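Beneath this line is the structure, given in structure tokens, with notes to follow.
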Number of protein chains: 2
Amino acid sequence: MEKTLNDACEETCSGSELDLAKIKGKLISSTAALEVADWFKALGDPTRVKIIHALQQSEMCVHDLTQVLEMGQSAVSHQLRLLRNVRMVKRRKVGKTVYYSLDDNHVEEIFGQTLQHLKHE
Amino acid sequence: MEKTLNDACEETCSGSELDLAKIKGKLISSTAALEVADWFKALGDPTRVKIIHALQQSEMCVHDLTQVLEMGQSAVSHQLRLLRNVRMVKRRKVGKTVYYSLDDNHVEEIFGQTLQHLKHE
DNA sequence: TTATTATATGAACATATATTCATATGTATA
DNA sequence: TATACATATGAATATATGTTCATATAATAA
């Protein structure tokens, strides 16, 4: 009798040791994985990392951010929108100017922990 | 005397309130921002989120991961390489099969905290 | 050696993403 | 009202990224 690829592998690499069905059942759902990924993705760009880091120091208007980051107003604005979409930052309007600040304590925690982590290795 | 764009804005949106030069001086460097971004970027894809989540349950060989994730071997292998590059996972070879496991306690912490965080909002 | 199995990897392709440009929107001021 | 200013946004473009396909590598067994 022919063995299928799966049968063969289950014998060798895991079959007897792991209950794949059980692990598969416990695995995070695709939609949840997407949500989590989108959240981390927001921190996965150097411009946005800088924005978060800057706003950790102080609330700032868009123009200030363009000065601090040395980037175009449009680019900064686009990234702020993305960060707003995942609720990492919020805005406060005063006349013509819009002040941005962090809107998620969790981000500050994670961010600080990760900075420390990456420094120490 | 003409006012430049900057002069004008400094008066209105921040000039008197924030010392931009000081904030700029404290801002994370571009290379550090890139490192941090790359680290978070590794968690910014649903497939890799699933891999991390699965390995949190148990060490597993590549073939097991393909079964649990219901994905092609090549795709899984490529993503594992990426996770290895940022040292989130490590491998252990036994004969033909390669067992992967988490290689970063920090990842587990961050990951768990974020799952909780996203569930609660 | 030859065949089989487990994993890795380069190339190709499709999709996603970041920045720029031009312009729109909203607000204050002359 | 007309003008200037601060920010937002759609379109375009270049680059990055994820998956697939074909194949390479490494280890084992026949």
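Residue numbers start from 1 in every chain, and the chains themselves are labelled A, B, ... in the order their sequence lines are given, proteins ahead of strands. When reading the values below, keep in mind they use all heavy atoms of this one structure, side chains included, and skip hydrogens, waters and symmetry mates. Owing to the predicted nature of the structure, the values given are computational and were not obtained by experimental measurement.
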Nearest to side-chain heavy atoms of Thr97(A), which nucleotide of dT7(C), dT20(C), dT7(D): dT7(D)
Interatomic distance where CG belongs to Leu80(B) and P belongs to dT9(C) [whole Å]: 11 Å
Separation of dT9(D) P from Gln73(A) CD (nearest whole Å): 11 Å
Separation of atom CD in Gln79(A) from atom P in dA8(D), rounded to whole Å: 13 Å
CA sep, side-chain torsions, deciding dist, call: Ile51(A), Gln79(A), side-chain contact (heavy atoms from CB on, under 4.5 Å): CA-CA 9 Å; Ile51(A) 290 176; Gln79(A) 298 305 343; 3.8 Å; yes
Worked check of side-chain hydrogen bond (donor to acceptor under 3.5 Å, both in side chains) between Thr97(B) and His63(B): CA-CA 8 Å; Thr97(B) 93; His63(B) 181 267; over 6 Å; no
Distance in angstrom units between Arg81(B) CZ and dT25(D) P, rounded: 15 Å
Distance in angstrom units between Arg84(A) CZ and dA8(D) P, rounded: 6 Å
Residue whose closest nucleotide on DNA chain C lies nearer the 5' end, Val76(A) versus Lys93(A): Val76(A)
Qualifying residue for side-chain contact (heavy atoms from CB on, under 4.5 Å) with Phe111(B), from Met88(B), Gln116(B), Gln56(B): Gln56(B)
Rounded distance in Å - CD (Glu70(A)) to P (dT20(C)): 13 Å
Lys90(A) vs Arg84(A), side-chain contact (heavy atoms from CB on, under 4.5 Å): CA-CA, chis, key distance, verdict: CA-CA 6 Å; Lys90(A) 65 186 173 205; Arg84(A) 215 157 17 92; 6.0 Å; no
Secondary structure of DNA chain C in dot-bracket form (Watson-Crick or G-U wobble, distances below 3.5 Å, | marking inter-strand pairs): ||||||||||||||||||||||||||||||
Test side-chain contact (heavy atoms from CB on, under 4.5 Å) applied to Ser101(B) and Val89(B), step by step: CA-CA 5 Å; Ser101(B) 59; Val89(B) 305; over 6 Å; no
Parallel, tilted or perpendicular, as decided by the 30° and 60° cut-offs, for the rings of His106(A) and Trp39(A): tilted
Distance test, side-chain N/O of Tyr100(B) to OP1/OP2 of dA8(C), below 4.0 Å: yes
OP1 or OP2 of dT7(D) under 4.0 Å from side-chain N/O of Arg91(A): no
pi-stack flag for His78(A) and dT19(C), centroid dist under 5.5 Å, interplanar under 30°: no
Check against side-chain contact (heavy atoms from CB on, under 4.5 Å), Gln57(B) and Lys22(A): CA-CA 10 Å; Gln57(B) 297 184 54; Lys22(A) 193 173 173 187; over 6 Å; no
Residue-phosphate contact under 4.0 Å: Ser74(B) side-chain N/O, dT7(C) OP1/OP2: no
Whole-Å gap separating P (dT4(C)) and NZ (Lys96(B)): 12 Å
dT17(C) OP1/OP2 closer than 4.0 Å to side-chain N/O of Lys41(A): yes
Between dA18(C) (P) and Leu34(B) (CG): distance, integer Å: 13 Å
